[in-house]
Amino acid sequence: MTPGAILTINAGSSSIKFSIYSAGEEPVERVRGEVEDIGDDAILEIGDHGGEKRRIGIGRVSHEAALTAILDHADDFLDGQAVTGIGHRVVHGGVDFARPVRLDDATIARLVELEPLAPLHQPHNLAAVRAARRAFPDAVQIACFDTAFHRAHPWVNDTFALPREWYDRGVRRYGFHGLSYEYVSGEIARIAPELQHGRVVIAHLGNGASMCAVRDGRSVASTMGFTALDGLPMGTRCGQLDPGVLLYMMDHEKMTSDQITDLLYRKSGLKGLSGMTNDMRELEASDRPEAAEAIDYFVFRIRRELGAMAASQGGIDALVFCGGIGENSALVRRKVCEGMEWLGIAIDETANAENALELATGKTRVMVIRTDEERVIARAVNAALNG
Ligand code: AMP
């Protein structure tokens with residue numbers, strides 16, 4: 001019998017990133033792509049692994065119709081395999097979900113309760129879950145959480161210094177980007193097993209950005225907190241902010257929570273600081289001082305957190321970059337590592353310019369590892385399909 005296919009879905013408000021794998025001992029990637037501009041004139045971009053992508057107009061479609069279009073066009077790549085499992089990236093799993101879970105009505109209802117904790121992501125993740133259940137009622141559907149990797153982190157990193165009842169009510173530091181950290185930790189164990197028990201800091205630097213201290217393949221500290229706003233500045237999110245600023249905005253500027261949400265999630269970070277764009281490539285290419293200042297602020301906060309994470313682990317054995325910026329921006333990596341000899345961090349310029357796997361010339365390992373959150377989801381579905 002031909003093994004089934006696994007569809008992974010990472011849904012935003014107007015986009016669905018997807019990939020399709022053949023199930024088996026280890027999932028094999030067959031197709032990758034994205035539907036953009038859902039709700040408007042949507043475009044489906046699709047191609048086989050590493051190959052050239054086709055761009056196809058699929059008209060004004062809902063999330064559900066977009067999923068059906070993906071499957072129609074993916075047929076060419078699937079050799080008749082039917083989709084038997086679907087894995088969804090779900091940003092927030094709250095206190096309860098520390099591992100992937102099968103999606104049923106009761107689980108979805110619990111995940112809906114977490115929507116206020118990730119307003120930019122969770123509602124869209126769950127809209128895609130509903131659409132996929134309608135479109136593929138017979139497929140096994142699994143949710144994989146960005147918070148799950150951090151659930152076992154120590155209490156001091158799990159709590160805020162609020163009265164204890166708030167902790168019990170779920171106001172905790174959850175941490176995000178867990179699928180990326182899980183993948184990269186697995187790669188570290190594979191490529192550099194000697195680091196498995198070491199003090200590792202992973203910097204996931206993309207449009208969303210965070211850092212995570214990892215020991216024995218588990219999160220021990222992360223820069224993100226209750227929501228995906230905390231920690232490093234991001235493409236359009238502010239990162240760490242004195243909560244007094246929010247009180248000032250509400251009390252003095254009379255801003256509503258919707259206005260503040262829009263400001264902190266969509267108008268801040270690199271975009272807000274530069275007054276231009278959240279795209280690091282454009283910032284690097286610009287000669288405007290605001291662009292350089294936005295990069296400087298981004299780098300400054302990464303360096304601060306690097307020091308904090310090294311201190312929280314009593315040192316550092318490896319710094320690993322991933323995410324669109326971490327994997328591709330030699331400039332950001334160079335600026336982060338400059339003057340970091342006190343942490344044993346020094347990098348080779350040529351290796352850095354080539355985005356090489358190993359950059360270090362000092363005693364601390366510095367690596368660039370291409371993250372693959374989809375593969376983590378595919379593995380979870382594969383495990384469920386294999387019982
Ligand atoms: P991600 O969210 O992981 O897809 O990362 C998106 C970010 O990576 C954007 O800010 C891009 O500008 C940035 N990025 C992608 N390629 C490059 C590159 N070659 N140089 C600098 N930044 C890049």
Side-chain angles (χ1 to χ4, degrees), residues 146 149 175-192 194-196 198-215 217 219-224 231-235 239 269-270 278-281 283-284 294-310 313 315-341 343-373 375-376:
D146 269 313
F149 186 72
F176 297 87
H177 288 137
L179 299 174
S180 176
Y181 293 129
E182 185 175 334
Y183 179 80
V184 172
S185 303
E187 284 298 282
I188 293 169
R190 190 177 67 78
I191 301 166
E194 64 282 9
L195 284 176
Q196 215 176 343
R199 299 158 298 180
V200 176
V201 175
I202 305 175
H204 176 107
L205 310 177
N207 209 21
S210 72
M211 291 165 70
C212 184
V214 177
R215 194 126 196 204
S219 167
V220 288
S222 91
T223 59
M224 274 191 177
L232 303 178
M234 295 166 237
L270 294 173
N278 56 321
D279 191 319
M280 183 57 81
R281 281 165 296 202
L283 293 174
E284 289 186 9
I295 297 174
D296 284 348
Y297 182 82
F298 185 61
V299 167
F300 174 71
R301 300 303 300 210
I302 296 167
R303 289 165 63 89
R304 252 180 68 141
E305 294 295 345
L306 183 56
M309 294 215 157
Q313 298 200 89
I316 177 171
D317 299 306
L319 168 64
V320 182
F321 290 98
C322 65
I325 298 171
E327 292 162 20
N328 299 301
S329 173
L331 178 80
V332 168
R333 290 192 304 259
R334 175 167 57 72
K335 282 175 169 276
V336 167
C337 294
E338 247 162 25
M340 281 283 175
E341 290 81 8
L343 280 181
I345 293 175
I347 60 173
D348 178 73
E349 268 308 310
T350 310
N352 188 40
E354 291 168 353
N355 301 324
L357 171 67
E358 303 271 3
L359 308 184
T361 54
K363 74 173 173 44
T364 299
R365 207 79 174 254
V366 182
M367 302 169 85
V368 178
I369 295 184
R370 296 204 172 266
T371 194
D372 191 350
E373 290 149 309
R375 178 163 291 278
V376 175

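Position 1 is the first residue of the sequence; numbering continues from there.
Side chains of I302 and K335 form no contact here, defined as non-hydrogen atoms less than 4.5 Å apart. Under the 4.5 Å side-chain criterion, counting only non-hydrogen atoms from C-beta, Y183 is in contact with R375. Side-chain atoms of L306 and M340, non-hydrogen and from C-beta on, do get closer than 4.5 Å to each other.
A pairwise comparison of heavy atoms in I325 and G206 identifies CD1-O, 3.8 Å as the closest pair. Minimum interatomic distance between L232 and L205 (heavy atoms only, all atoms of both residues): CD1-CD2, 3.8 Å. Across all their heavy atoms, I202 and I188 have their closest contact at CD1-CD1, 4.2 Å. The two atoms that bring C212 and S219 nearest to each other are SG-OG, 3.6 Å, heavy atoms only. In terms of heavy-atom proximity, S185 sits nearest to V214 at OG-CG1, 3.8 Å. Residues G217 and F149 share a closest heavy-atom pair of O-CE1, 3.3 Å.
Screening H204, M211, E182 against H177 for a side-chain contact (heavy atoms from CB on, under 4.5 Å) leaves a single residue, H204.
In this structure, Q196 CD and E194 CD are separated by 10.0 Å, a value rounded to the nearest 0.5 Å. From L357, atom CG reaches atom CZ of R370 across 10.5 Å, with rounding to the nearest 0.5 Å. The SG atom of C337 sits 5.5 Å away from atom CD1 of I345, with the distance rounded to the nearest 0.5 Å.
Although no hydrogens or angles enter the test, the distance criterion places a donor-acceptor pair under 3.5 Å between the side chain of D146 and the main chain of G178. Remark: side-chain polar atoms of T364 are paired, donor with acceptor, to backbone N or O of L343 under 3.5 angstrom. Counting only distance, with no hydrogens or angles, the side chain of E327 and the backbone of G323 share a donor-acceptor pair below 3.5 Å. Side chain of R365 to main chain of E358: no donor-acceptor pair is present (N/O by atom type, distance under 3.5 Å, no hydrogens or angles). Distance alone, capped at 3.5 Å, is enough to place a donor-acceptor pair between the R303 side chain and the V336 backbone.
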Can L283 and F298 be said to form a side-chain contact (heavy atoms from CB on, under 4.5 Å), step by step?
CA-CA 12 Å; L283 293 174; F298 185 61; over 6 Å; no
The test is side-chain contact (heavy atoms from CB on, under 4.5 Å); show your working for M367 and L319 and say whether it passes.
CA-CA 6 Å; M367 302 169 85; L319 168 64; over 6 Å; no
From CA spacing to verdict: side-chain contact (heavy atoms from CB on, under 4.5 Å), I295, M280:
CA-CA 8 Å; I295 297 174; M280 183 57 81; 3.9 Å; yes
Which is it for R334 and N352 under the side-chain hydrogen bond (donor to acceptor under 3.5 Å, both in side chains) test, yes or no, and what are the steps along the way?
CA-CA 7 Å; R334 175 167 57 72; N352 188 40; over 6 Å; no
Set out, in order, the CA-CA distance, both residues' side-chain angles and the distance that settles side-chain contact (heavy atoms from CB on, under 4.5 Å) for V368 and R333, then state yes or no.
CA-CA 10 Å; V368 178; R333 290 192 304 259; 3.9 Å; yes
Intermediate values then yes/no, salt bridge (Lys or Arg N to Asp or Glu O under 4.0 Å), R190 and E187:
CA-CA 5 Å; R190 190 177 67 78; E187 284 298 282; 2.7 Å; yes
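Legend: residues meeting salt bridge (charged side-chain N to carboxylate O under 4.0 Å, His left out) with R281, ordered by chain and number and at least two apart, are D279. For the ring-ring contact (aromatic ring centres under 6.0 Å, His included) test, no residue two or more places apart in sequence or in another chain qualifies with F321.
For Y181 and S210, the side-chain atoms include at least one donor-acceptor pair closer than 3.5 Å.
For the pair K363 and D317, the salt-bridge criterion is not met [side-chain N within less than 4.0 Å of a carboxylate O].
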